[in-house]
Colleague: 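After the structure tokens below, expect a handful of questions from me.
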Amino acid sequence: MLDLRFVVANLDHVKAALARRGAHASAALVSVEAEAHVRKELIVKSETLRAEQKKQSDAMKTLRGEAQAELRTKLKAMADEVKALDTTLREVEARIEAALLSVPNLPHPSVPDGQSEHDNVVQGPRNFGAAPTFAFAPKDHVALGEGLGLLDFERAAKISGARFAVLKGDLARLERAVLTFFLDVARERGYTEVLTPYLVNQASLRGTGQLPKFEADLFKTTVEPPLYLIPTAEVPVTNLHRDEILGDPNSPPIGTKYACFSPCFRSEAGSAGKDTRGLIRMHQFHKVELVRFETPEDSQEALEQLTTDAQEPLKRLGLHHRVVALCAGDMGANAEKTYDLEVWLPGQSAFREISSCSSFGDYQARRAQIRFRPSATEKPKLAHTLNGSGLAVGRTVVAILENYQQADGSVVIPEALRPYLGGLEKLTKV
RNA sequence: GGAGAGGUGGCCGAGAGGCUGAAGGCGCUGGUUUGCUAAACCAGUAUACGGCCCAAAGCUGUAUCGAGGGUUCGAAUCCCUCCCUCUCCGCCA
């Protein structure tokens, strides 16, 4: 959420920045300026009146009889008026809040212009490796997994439905090895591992910006009050410090970095009919998420580091990938700047997203009230939040299958993972 | 799920309709004293949203005692609903 005062004071600048995202990004702002003025007037009126009411009600203590009754009538009228003003004020504030909640974040000035994924900018120097060459026609991961007898979509459909998968044997072990490997790499790089709930309340989803706009993407349970399955560990981990001041006695310092493994649940995945085959787009998948809390001064540098941190496991697995800066029109609504990591999939002859690393400025922190104290004497300021996948586990397994496949349909396990698999070197047909 | 006890500032803990943004203590910050450290003493020590001010500083208003509603001229204090914590019972990996 953007800051109301900032928006009102810099309306033209805000509109221009939002226009980079597309024509309608600032639509909700049309009435905000006028409503903000009304809001202030109501606050002044109500508070002045209440102050007067409080002052006069002191006399109630000493007055008796007729005089007291008279004053009570007068004060009652004032109290009623204050109530009426406050009711109107709440309505106005609710409209402002609703408008502001639907306004996306302002793209960072360094974000490239553009409307769609075609305008994203590949960060050449950060790319890694080269596409492997094959002396045979490479298969996709579905053919490989099913051919090995380790991947079962049919039974997954029976027990759950479309867009679920069952992994078996060494492939299931591989998935588990990959996620452990990711957590170990993150720990080496200074991230504290956390394990959080997979069901969260509405306040948490509002804090990170999934609600109210993206309810349709979420799985919602029927308990009251509702709990939602997390679409990413970003939600529980960022909300770890909701309504906290980082650096205070019971909170970690600003600059804290977390790594969190979790399953992720997405209801709308696949509604567009994309990627109907295989493990790429699922209702449930595993991910290790990296989350950072930084000062405004450090957050852009932190995004560069975060992206490098997310690349590290891909490098150790020897997987060819590139880094792409998303253009203003392709970024998620909450993000200020985003780098995607795209891994090469020989089965598709294409790069596919395997990580998305974003800085959010104070957009999430304002909703979630995550602050830090610049120094012992200064007032708390909103922190900057960042997160990125480090990495999507299922898609990594896909990449391993496709990049390390052999002519006979077996798959070589990358060296870095073998210690996690008791030295296993190959996936072979069972 | 059932029964009971609770939720007050960074922490502990008083308060039981107006004098309470909230006693007292601890902690923290600054100062005085002081060979150093410690101790003692003095002062300060929340957040949000407004107003005055070119701005900062400062002054000032309002709100906040788990959350939300209600009663009242006036609520930390009374009533209702919800959330959370603890103890016991039940259930359970």
Side-chain angles (χ1 to χ4, degrees), chain A residues 1-10 32-97 99-101 195-207 211 221-228 236 239-254 256 263 362 365-383:
Chain A
M1 182 166 66
L2 301 176
D3 177 45
L4 176 61
R5 279 175 300 182
F6 176 82
V7 168
V8 170
N10 305 280
V32 161
E33 193 179 21
E35 299 257 48
H37 284 296
V38 174
R39 172 177 168 273
K40 265 193 193 177
E41 279 170 28
L42 285 168
I43 289 175
V44 172
K45 259 195 214 168
S46 157
E47 288 191 352
T48 324
L49 193 59
R50 192 193 302 278
E52 183 61 23
Q53 181 206 349
K54 281 177 83 164
K55 218 161 96 188
Q56 292 201 23
S57 71
D58 269 352
M60 289 296 290
K61 280 181 286 181
T62 46
L63 286 179
R64 290 293 175 270
E66 189 104 340
Q68 193 190 39
E70 210 171 286
L71 182 55
R72 175 178 295 129
T73 312
K74 187 179 162 196
L75 288 170
K76 172 80 176 147
M78 289 170 81
D80 287 345
E81 200 183 333
V82 168
K83 250 178 222 176
L85 285 168
D86 285 350
T87 304
T88 316
L89 177 61
R90 273 200 296 273
E91 287 164 9
V92 171
E93 289 193 322
R95 280 203 296 275
I96 292 174
E97 166 105 352
L100 241 31
L101 279 175
L195 201 55
T196 64
Y198 306 142
L199 287 161
V200 295
N201 57 30
Q202 288 177 315
S204 295
L205 288 157
R206 263 198 301 276
L211 289 180
T221 65
T222 56
V223 295
E224 201 51 53
L227 289 171
Y228 296 78
N239 278 283
L240 233 34
H241 302 305
R242 169 153 51 89
D243 297 322
E244 289 187 27
I245 298 171
L246 297 168
D248 272 3
N250 290 322
S251 298
I254 188 79
T256 291
D362 60 18
R366 182 170 296 104
R367 291 180 176 216
Q369 283 301 300
I370 302 164
R371 296 177 294 170
F372 72 101
R373 214 178 280 281
S375 72
T377 51
E378 279 179 271
K379 286 192 159 203
K381 284 169 72 176
L382 290 172

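Order of the sequence lines sets the chain letters (A, B, ...), proteins ahead of strands, with each chain counted from 1.
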Colleague: Donor-acceptor pair, A:Arg371 side chain versus A:Lys379 backbone, under 3.5 Å?
Modeller: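 Pair absent, no side-chain N/O of A:Arg371 close to backbone of A:Lys379.
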
Colleague: Return the nucleotide paired to B:A39: Watson-Crick means purine N1 to pyrimidine N3 with N6-O4 or O6-N4, wobble means G-U with N1-O2 and O6-N3, both under 3.5 Å.
Modeller: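 The answer is none; no pair meets the criterion.
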
Colleague: Mind checking the P distance from B:A22 to B:A46? Whole angstroms is fine.
Modeller: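 One P to the other, the span is 10 Å.
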
Colleague: Please give the distance between the P atoms of B:C82 and B:G21 as a whole number of Å.
Modeller: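 Straight-line distance between the two P atoms is 30 Å.
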
Colleague: Any strand is fair game: report the nucleotide pairing with B:A22 by Watson-Crick or G-U wobble, both distances under 3.5 Å, or none.
Modeller: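 Its partner: none found.
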
Colleague: Mind checking if A:Ile43 touches a base, just sugar-phosphate, or nothing, with heavy atoms under 4.0 Å?
Modeller: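 Here A:Ile43 touches the backbone only, sparing every base.
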
Colleague: State whether A:Arg90 and A:Asp86 are salt-bridged, where the test is any N-O pair (Lys NZ or Arg NE/NH1/NH2 against Asp/Glu carboxylate O) under 4.0 Å.
Modeller: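 Looking at A:Arg90 and A:Asp86, the cut-off is not met.
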
Colleague: Which one is paired to B:G68, where only Watson-Crick or G-U wobble pairs with both distances under 3.5 angstrom count?
Modeller: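 Across any shown strand, B:G68 pairs with B:C80.
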
Colleague: How many whole angstroms separate atom CG of A:Asp243 from atom P of B:C84?
Modeller: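 The answer, rounded to whole Å, is 16 Å.
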
Colleague: What interatomic distance, in whole Å, is found between C1' of B:U8 and the corresponding atom of B:G51?
Modeller: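 My reading of the C1' atoms in B:G51 and B:U8 gives 30 Å.
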
Colleague: What contact category does A:Lys54 fall into here, base, sugar-phosphate, or nothing, at under 4.0 angstrom with non-hydrogen atoms?
Modeller: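 Sugar-phosphate only.
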
Colleague: Between A:Arg373 and B:U47, is there a side-chain N or O to OP1/OP2 distance below 4.0 Å?
Modeller: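 Checking A:Arg373 against B:U47: at least one side-chain N or O falls below 4.0 Å of OP1 or OP2.
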
Colleague: When you compare B:U20 with B:A76, how far apart are their P atoms, in angstrom units rounded to a whole number?
Modeller: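 That atom pair is separated by 13 Å.
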
Colleague: What is the separation between atom NZ on A:Lys45 and atom C1' on B:C49, rounded to the nearest whole Å?
Modeller: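 The answer, rounded to whole Å, is 18 Å.
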
Colleague: With both distances under 3.5 angstrom, what nucleotide forms a Watson-Crick or G-U wobble pair with B:C91?
Modeller: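 Across all strands, not a single nucleotide pairs with B:C91.
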
Colleague: Between A:Arg39 and A:Thr73, which is nearer to the 5' end of RNA chain B once each is assigned its nearest nucleotide?
Modeller: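 Result: A:Arg39.
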
Colleague: State, with a plain yes or no, whether a side-chain heavy atom of A:Thr256 is found less than 4.5 Å away from one of A:Leu246.
Modeller: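 No, too far: nothing below the 4.5 Å cut-off.
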
Colleague: Ignoring the backbone of A:Glu47, work out which of B:G18, B:G61, B:U72 is nearest its side chain.
Modeller: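 Shortest atom-to-atom distance from the side chain points to B:G61.
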
Colleague: Pick the P atom in B:C52 and in B:U33, then give their distance to the nearest Å.
Modeller: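 Each nucleotide's P atom is 44 Å from the other's.
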
Colleague: Over how many whole Å does the gap from A:Lys379 atom NZ to B:A46 atom C1' extend?
Modeller: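 After rounding, the gap between these two atoms is 10 Å.
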
Colleague: Which residue, A:Leu75 or A:Ala51, contacts RNA chain B at a nucleotide closer to its 5' end, judged by nearest heavy atom?
Modeller: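 Result of the comparison: A:Ala51.
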
Colleague: If B:C59 has a Watson-Crick or G-U wobble mate with both distances under 3.5 Å, name it; if not, just say none.
Modeller: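 Answer to the pairing question: B:G51, which forms a Watson-Crick or G-U pair with B:C59.
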
Colleague: What distance, rounded to whole Å, do you find between the two P atoms, one in B:U47 and one in B:C42?
Modeller: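 Taking atom P in both B:U47 and B:C42, they lie 25 Å apart.
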
Colleague: Determine whether a donor-acceptor pair (N or O, by modelled atom type, separation under 3.5 Å) exists between the side chain of A:Gln68 and the backbone of A:Met60.
Modeller: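 Answer holds: yes.
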
Colleague: What do the steps show when you test A:Leu382 against A:Gln369 for side chain to side chain contact (heavy atoms under 4.5 Å, CB included), and what is the final call?
Modeller: CA-CA 7 Å; A:Leu382 290 172; A:Gln369 283 301 300; 4.2 Å; yes

Colleague: Using a cut-off of 6.0 Å, state whether more than 12 heavy atoms not belonging to A:Glu52 lie near its atom CD.
Modeller: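 Counting neighbours around CD of A:Glu52, more than 12 heavy atoms of other residues, nucleotides or ligands fall under 6.0 Å, so yes.
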
Colleague: Look at the side-chain N and O atoms of A:Lys83 and state whether any lies under 4.0 Å from the OP1 or OP2 oxygen of B:U71.
Modeller: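 Yes.
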
Colleague: Between P on B:U72 and CD on A:Gln68, what's the gap in Å once rounded to a whole number?
Modeller: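 Computing the A:Gln68:CD to B:U72:P distance gives 15 Å.
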
Colleague: Determine the Euclidean distance between corresponding P atoms of B:G44 and B:G50; express it in Å to zero decimal places.
Modeller: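 Approximately 29 Å lies between the P atom of B:G50 and that of B:G44.
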
Colleague: Would you kindly give the CZ-to-P distance between A:Arg242 and B:C84, to the nearest whole Å?
Modeller: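 Whole-Å distance recorded here is 13 Å.
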
Colleague: Find the distance A:Asn201:CG to B:C84:P and express it as a whole number of Å.
Modeller: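 In whole Å, B:C84 P lies 9 Å from A:Asn201 CG.
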
Colleague: Select one nucleotide: of B:G18, B:U71, B:G50, the one nearest the side-chain heavy atoms of A:Val44.
Modeller: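 For A:Val44, the side-chain atoms sit closest to B:G50.
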
Colleague: On a whole-Å scale, what distance lies between the C1' atoms belonging to B:G66 and B:G7?
Modeller: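 Roughly 6 Å separates the two C1' atoms.
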
Colleague: Counting only side-chain N and O atoms of A:Arg371, is one of them less than 4.0 Å from OP1 or OP2 of B:A48?
Modeller: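 Affirmative; the distance criterion is met.
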
Colleague: Searching all strands shown, indicate the nucleotide that pairs with B:C86 (Watson-Crick or G-U wobble; both distances under 3.5 Å).
Modeller: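 Paired with B:G4.
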
Colleague: For the residue pair A:Asn201 and A:Leu227, establish whether any side-chain heavy-atom pair is separated by less than 4.5 Å.
Modeller: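 Yes, side chains in contact.
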
Colleague: Which base, if any, makes a Watson-Crick or G-U wobble pair with B:U33, both distances under 3.5 Å?
Modeller: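 Pair assignment: B:U33 / none.
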
Colleague: Counting only Watson-Crick or G-U wobble pairs whose two distances fall under 3.5 Å, which nucleotide matches B:C28?
Modeller: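 B:G44 is the nucleotide pairing with B:C28.
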
Colleague: What is the distance from CD of A:Gln53 to P of B:G61, rounded to the nearest Å?
Modeller: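 Spelled out: CD on A:Gln53 to P on B:G61 is 16 Å.
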
Colleague: Does A:Arg50 reach a base, just sugar-phosphate, or nothing at all? Heavy atoms under 4.0 Å.
Modeller: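 It contacts sugar-phosphate atoms only.
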
Colleague: Is A:Ser204 close to A:Arg242 at the side-chain level, that is, under 4.5 Å between some pair of heavy atoms?
Modeller: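 They are in contact (side-chain heavy atoms under 4.5 Å apart), so the answer is yes.
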
Colleague: Roughly how many Å is it from CD in A:Glu52 to P in B:U60, rounded to a whole number?
Modeller: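 Rounded to the whole Å, the gap is 18 Å.
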
